[in-house]
Q: 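One structure coming up, written as structure tokens, with questions to follow.
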Amino acid sequence: MKKIRKFSMAVFLLCMMFGTLHAFAADELLGTVVDGSLLTEETEVTAMAYPKARWTYLSDGTGTLAVTGTRTVRLSGSTTAVQSVDVIYVNMYLQRLVNGTWCTYYIGTRATEYNDYFAYITETGLSVEGGYYYRAKGSHVINENGTIESISSYTDGIWID
């Protein structure tokens, strides 16, 4: 019985120690900005991107990342044109912060529309590993009569336990 208590206490102390180190890593980075993304404790983050140059057709691009459950997220995005265009699409990427660098963790399905002004995609129930910050990156593209206009959107980072 004493061996079981000692073993249980050792496991408990190890869990406490690693749990504290795990939380410290998140707290240490919380509030910093990495490659334009603020690291937050939010459960949903959205970014809107507008062309810096005055484009003829591209209006904006939007990306959203939301926590939907324990280690599951929803990734969504849209591209909007000022008028109906030949081709409009949005492709969303889930990125994870690893050693100070955003790395692509998941490449989403591309939503492509023809002769339209709006493209939208949402993917739910995406599984992620805990212990990292994640953000959504959107690629927003329009092709009208051979003229290609594009922009990228980047959300802030959210911590997944």
Side-chain angles (χ1 to χ4, degrees), residues 19 22-23 25-161:
H22 178 73
D27 291 343
E28 183 179 278
L29 294 173
L30 183 65
T32 62
V33 176
V34 178
D35 194 21
S37 294
L38 176 67
L39 303 182
T40 72
E41 292 179 312
E42 300 295 324
T43 58
E44 183 169 330
V45 287
T46 299
M48 288 196 73
Y50 300 97
K52 290 182 182 176
R54 183 150 173 84
W55 293 117
T56 304
Y57 306 106
L58 181 60
S59 175
D60 62 69
T62 302
T64 300
L65 178 63
V67 176
T68 56
T70 303
R71 296 187 179 169
T72 59
V73 297
R74 180 183 73 241
L75 184 64
S76 58
S78 65
T79 302
T80 307
V82 297
Q83 68 179 51
S84 183
V85 293
D86 294 337
V87 182
I88 182 170
Y89 76 79
V90 57
N91 197 23
M92 296 303 297
Y93 304 85
L94 181 62
Q95 295 187 320
R96 178 168 74 184
L97 187 62
V98 180
N99 296 324
T101 302
W102 291 107
C103 302
T104 298
Y105 181 78
Y106 173 80
I107 300 172
T109 306
R110 176 163 53 175
T112 305
E113 300 294 334
Y114 300 93
N115 301 311
D116 206 340
Y117 68 94
F118 186 74
Y120 176 81
I121 186 81
T122 187
E123 295 185 62
T124 59
L126 299 175
S127 295
V128 294
E129 294 178 45
Y132 294 95
Y133 282 98
Y134 291 86
R135 76 174 180 181
K137 173 188 174 185
S139 176
H140 312 277
V141 180
I142 288 174
N143 184 342
E144 173 66 12
N145 292 323
T147 299
I148 298 173
E149 298 176 352
S150 65
I151 195 165
S152 296
S153 63
Y154 300 90
T155 67
D156 286 337
I158 57 176
W159 177 256
I160 303 292
D161 256 338

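Note that this is a predicted model, so its numbers are computed, not measured.
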Q: Considering only residues two or more places apart or on different chains, which pairs with a residue in residues 80-98 satisfy side chain to side chain donor-acceptor pair (under 3.5 Å)?
A: Tyr89-Arg110, Asn91-Tyr93, Gln95-Arg135, Arg96-Glu129

Q: Restricting to non-hydrogen atoms, name the atom on Ile158 and the atom on Val67 that form the minimum distance, rounded to 0.1 Å.
A: CD1-CG2, 3.7 Å

Q: Between OH of Tyr134 and CG of Leu94, what distance do you get to the nearest 0.5 Å?
A: 7.0 Å

Q: Under the rule for side-chain hydrogen bond (donor to acceptor under 3.5 Å, both in side chains), what residues qualify as partners of Thr155, not counting sequence neighbours?
A: none

Q: At what distance, to the nearest 0.5 angstrom, does CD1 of Ile88 lie from OG of Ser78?
A: 8.5 Å

Q: Minimum heavy-atom separation for Tyr154 and Ser37, please, with both atom names.
A: CB-OG, 4.3 Å

Q: Minimum heavy-atom separation for Ser153 to Thr62, with atom names?
A: OG-C, 4.1 Å

Q: Look at the side chain of Glu149 and the backbone N and O of Leu58, then say whether any donor-acceptor pair between them is shorter than 3.5 Å.
A: yes

Q: Under a 4.5 Å cut-off applied to non-hydrogen side-chain atoms, are Tyr117 and Ile142 in contact?
A: no

Q: Taking ring pair (Phe, Tyr, Trp, His ring centres under 6.0 Å) as the test, write out the residues that go with Tyr57, two or more places apart.
A: none

Q: Testing the basics here: between Thr68 and Arg74, what is the closest heavy-atom pair and its distance to 0.1 Å?
A: CG2-CB, 3.7 Å

Q: Using a 3.5 Å cut-off and no angle test, enumerate the donor-acceptor pairs between side-chain atoms of residues 41-49 and protein atoms at least two apart in sequence or in another chain.
A:
{"residue": "Thr46", "atom": "OG1", "partner": "Thr64", "partner atom": "OG1", "Å": "3.1"}

Q: Distance-only criterion, 3.5 Å: show the donor-acceptor pairs between side-chain atoms of residues 119-126 and protein atoms not counting sequence neighbours.
A:
{"residue": "Glu123", "atom": "OE1", "partner": "Tyr106", "partner atom": "OH", "Å": "2.4"}
{"residue": "Glu123", "atom": "OE2", "partner": "Thr109", "partner atom": "N", "Å": "2.8"}

Q: Can you tell me how far apart OH (Tyr132) and CG (Leu29) are? Round to the nearest 0.5 Å.
A: 13.0 Å

Q: I need the minimum non-hydrogen distance between Ala136 and Met92, along with the two atoms involved.
A: CB-CE, 4.0 Å

Q: Do Val141 and Thr79 have side chains that get closer than 4.5 Å, going by heavy atoms?
A: no

Q: Donor-acceptor pair, Thr40 side chain versus Gly157 backbone, under 3.5 Å?
A: yes

Q: For Val34, enumerate each residue passing the side chain to side chain contact (heavy atoms under 4.5 Å, CB included) test, keeping only those at least two apart in sequence or located in another chain.
A: Thr32, Leu39, Leu97, Trp102

Q: So which heavy atom on Val85 is nearest to which on Ala81, and how close?
A: CG1-CB, 4.0 Å

